[in-house]
Amino acid sequence: MQFTCYTKSTRPFLDQRHGTSGLRKPVTMFQQENYTENFIQCILSSLDGCLTGTTLVLGGDGRYYGRKVADTVIKMCAANGVRRVIVGKQAIMSTPAVSYAIRKYGANGGIILTASHNAGGPLGDFGIKFNIANGAPAPDHAVDKIHDLTKNILEYRICPELDCDIHIVSKKEFMVNSRPFEVEVIDPVEDYVEYMKNIFNFKSIQTLLQRSNGHPPMKFMISSMLGVTGPYVRRIFLEELKASPGCAIDIHPTEDFGGRYPDPNMTYAIDLIKTMKEKESDFGAAFDADGDRCMTLGHKAYFVSPSDTLAVITANATYIPYFKKNAIKGVGRSMPTSRAVDRVCKKKGIDLYEVPTGWKYFGNLMDAGLVSLCGEESFGTGSDHIREKDGIWVALAWMSILAARKLTVEEVLHRHWNTYGRNFFTRYDYVSCDTASCNKMMEDLEKMCITGSMVDEQFSFQHNSCTVTFTVAEMDVYDYEDPTNGTVVENQGVCILMTDDSRIVFRLSRTGTSNTTVRMYIESYESDPSMFDRDTQDVLKPLVEVALKISKLREYIGRQEPTLIT
Ligand code: G1P
Ligand code: ZN
């Protein structure tokens, strides 16, 4: 059957700028007439107008409005001359699985319908993210090109009659303006599971979950937080690794994530934490809506800092078959991520790269063979097996280490700290603050960097009956130069380094959808083992006070307390 394409008139929307990870807005914004079509057209037009023979992958986290947008994407791909769309069943495919599919099928890129850990539902957020041919999130130059196009768009192309059922695995051929167009509906879970089996030793993980010879099995608990990873968890942990069904909760993807934030942290993953405490579980993991984040927990929900996860995986990489075959080339971390991994790299002679916040900065480094393992403090860790962070991969990596070393999470961490010392780390989020005030605060911090007015300033506090003094050693605005192509990104946050190597970082979030969110990152280093078990918040309290004093955050944004501490 022949389908006809139409060119429709539109007018630009001037707010279609990518954030840290794709375009994220409230669903109601995407529901405006032509808003979604404009953005999709600009993604397609950014591919240099040469779409003949192009294959694109389409996935998403299953959130509200995703099915409708998936339909629009297919109709617009058809009208724009794309040759083939590979789409996950019902347009549901985790972010890591999309990255893998792009690479496996040699696609030219992919579109991911997700707002990651942001709330879902009709009153929640929606998002569209574009990944390039290497499977990585579009880098800045690609994102800027799309943004420029959104400012001038006057028409888009669509094939409105082309209805494609994407419920079942199938291959469908259409003729569109006398050109063939194919939609292949795949089961993305199968591909991903096969890949994970090549990366990890499932047999050894299975022994951990079914220990015998007097060893009880490790009790673990996993939550998909009602997001996209449910089917992956079922296939991998319940079917392949034969864990009991009671080990997995919230594994039915829903459009609104049960009205909660699908964000794996100690505040939002409360069901997992409660269940782990009740069942005295030894290991836990929770994933965000699109499956690229993972929070790892030890016995009775003992919190593992994501920065430590990166350091521990780096130090224990040889227990993971993938890294046994491909020795770690280098490690990347985002600038605010704690420098725990730096210590491992230093000791092991591994190159360490620091990049701005956002996974898109790791793609080039991985392609150039400079790094094979990367992480962010925001619960994202992953390797060059794909070009996205990967939540399930993190859980399997931790389990591989526990299985090989026959230790608990806490034991692994303590042995790690005994070798390298402990970097205490926390992040304070001040969500949805007045934008002008936040900008003013950042401008003032930047001025301090330029003038050096804070250097040598001392701050003293009484803490637990002792006087703690911090002296500012350096204060800088963080700019980054990509070592693979010399591209420079400026103004990626303000770092304040103390003479004792403690560090404070301020930056503004670029994933929020209302007003402005300030992120304040606090880190200190401890080498005395008798101090390793201290409470992170207690340890970092004086440094938090220094950060608040220097930035005058309370005065600027009028908030006494953060919205969220992670
Ligand atoms: C946040 C995190 C960042 C992560 C991004 C996408 O971005 O801080 O590490 O890459 O979400 O998951 P932000 O809101 O800080 O710009
Ligand atoms: Zn995510």
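First listed ligand is number 1; within each ligand, the first listed atom is number 1. All values below come from the heavy atoms of this structure, side chains included, with hydrogens, waters and symmetry mates left out.
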Chemist: Would Ser378 count as being in polar contact with ligand 1, using the rule that some N or O on each side must be under 3.5 angstrom apart?
Modeler: yes
Chemist: If you measure every N/O of Thr20 against every N/O of ligand 1, is any gap under 3.5 Å?
Modeler: yes
Chemist: May I ask you to decide if the ring planes of Phe39 and His18 are parallel, tilted or perpendicular, using 30° and 60° as cut-offs?
Modeler: tilted
Chemist: Mind reading off the angle at the Zn ion (ligand 2) between the OG atom of Ser116 and the OD1 atom of Asp290, rounded to 10°?
Modeler: 100°
Chemist: In ligand 1, which numbered atoms sit nearer than 4.0 Å to a non-hydrogen atom of Thr357?
Modeler: 3 (C), 8 (O), 9 (O)
Chemist: Taking the six-membered ring of Tyr195, is the NZ or CZ of Arg103 close enough (under 6.0 Å from the centre) and on axis enough (within 45°)?
Modeler: no
Chemist: Determine which of the N, O or S atoms in Asp292 is closest to the Zn ion (ligand 2) and give its atom name.
Modeler: OD1
Chemist: Just need the protein heavy atom nearest to atom 7 (O) of ligand 1, so name the residue and atom and give the distance.
Modeler: Thr511 CG2, 3.5 Å
Chemist: Do other residues, nucleotides or ligands put more than 12 heavy atoms under 6.0 Å from Lys151 NZ?
Modeler: yes
Chemist: Could you check atom 4 (C) of ligand 1 against the protein and tell me its nearest heavy-atom contact, residue, atom and distance included?
Modeler: Glu376 OE1, 3.5 Å
Chemist: Using heavy atoms and a threshold below 4.0 Å, how should the contact between Arg510 and ligand 1 be classified: side chain, backbone, both, or neither?
Modeler: both
Chemist: Does the pair Asn38 and Thr150 meet the rule for a side chain to side chain contact (heavy atoms under 4.5 Å, CB included), with working shown?
Modeler: CA-CA 7 Å; Asn38 275 20; Thr150 65; over 6 Å; no
Chemist: For the residue pair Arg24 and Asn118, confirm or rule out a side-chain donor-acceptor distance under 3.5 Å.
Modeler: yes
Chemist: Under 3.5 Å, is there a donor-acceptor pair between the Asp125 and Thr513 side chains?
Modeler: yes
Chemist: Could an N or O of ligand 1 be found under 3.5 Å from any N or O of Ser21, whether backbone or side chain?
Modeler: no
Chemist: Name the one of Arg293, Arg333, Lys389 that satisfies salt bridge (Lys or Arg N to Asp or Glu O under 4.0 Å) with Glu376?
Modeler: Lys389
Chemist: Is it true that Ser514 and Ser432 share a donor-acceptor pair across their side chains at a distance under 3.5 Å?
Modeler: yes
Chemist: What atoms in ligand 1 come closer than 4.0 Å to a heavy atom of Arg427?
Modeler: 8 (O)
Chemist: Using 30° and 60° as the class boundaries, would you call the ring planes of Tyr521 and Phe425 parallel, tilted or perpendicular?
Modeler: tilted
Chemist: Within a 6.0 Å radius of atom NZ on Lys541, are there more than 12 heavy atoms belonging to other residues, nucleotides or ligands?
Modeler: no
Chemist: Under 4.0 Å from a heavy atom of Arg519: give me the atoms of ligand 1 that qualify, with their elements.
Modeler: 8 (O), 13 (P), 14 (O), 15 (O)
Chemist: Check all N, O or S atoms of Asp288 and name the one closest to the Zn ion (ligand 2).
Modeler: OD2
Chemist: State whether the number of non-hydrogen atoms from other residues, nucleotides or ligands found under 6.0 Å of Lys145 atom NZ is greater than 12.
Modeler: yes
Chemist: So which protein heavy atom does atom 1 (C) of ligand 1 come closest to, and at what separation?
Modeler: Arg293 NH2, 3.7 Å
Chemist: Check ligand 1 against Lys389 and write out every atom of the ligand that is under 4.0 Å from a heavy-atom position of the residue.
Modeler: 4 (C), 6 (C), 10 (O), 12 (O)
Chemist: Counting only nitrogen or oxygen atoms and a 3.5 angstrom limit, does Tyr521 reach ligand 1?
Modeler: no
Chemist: By number and element, which atoms of ligand 1 are closer than 4.0 Å to a non-hydrogen atom of Gly358?
Modeler: 10 (O)
Chemist: Any heavy atom of Gly380 sitting closer than 4.0 Å to ligand 1?
Modeler: no
Chemist: What do you reckon, does Lys360 put a non-hydrogen atom under 4.0 Å from ligand 1?
Modeler: no
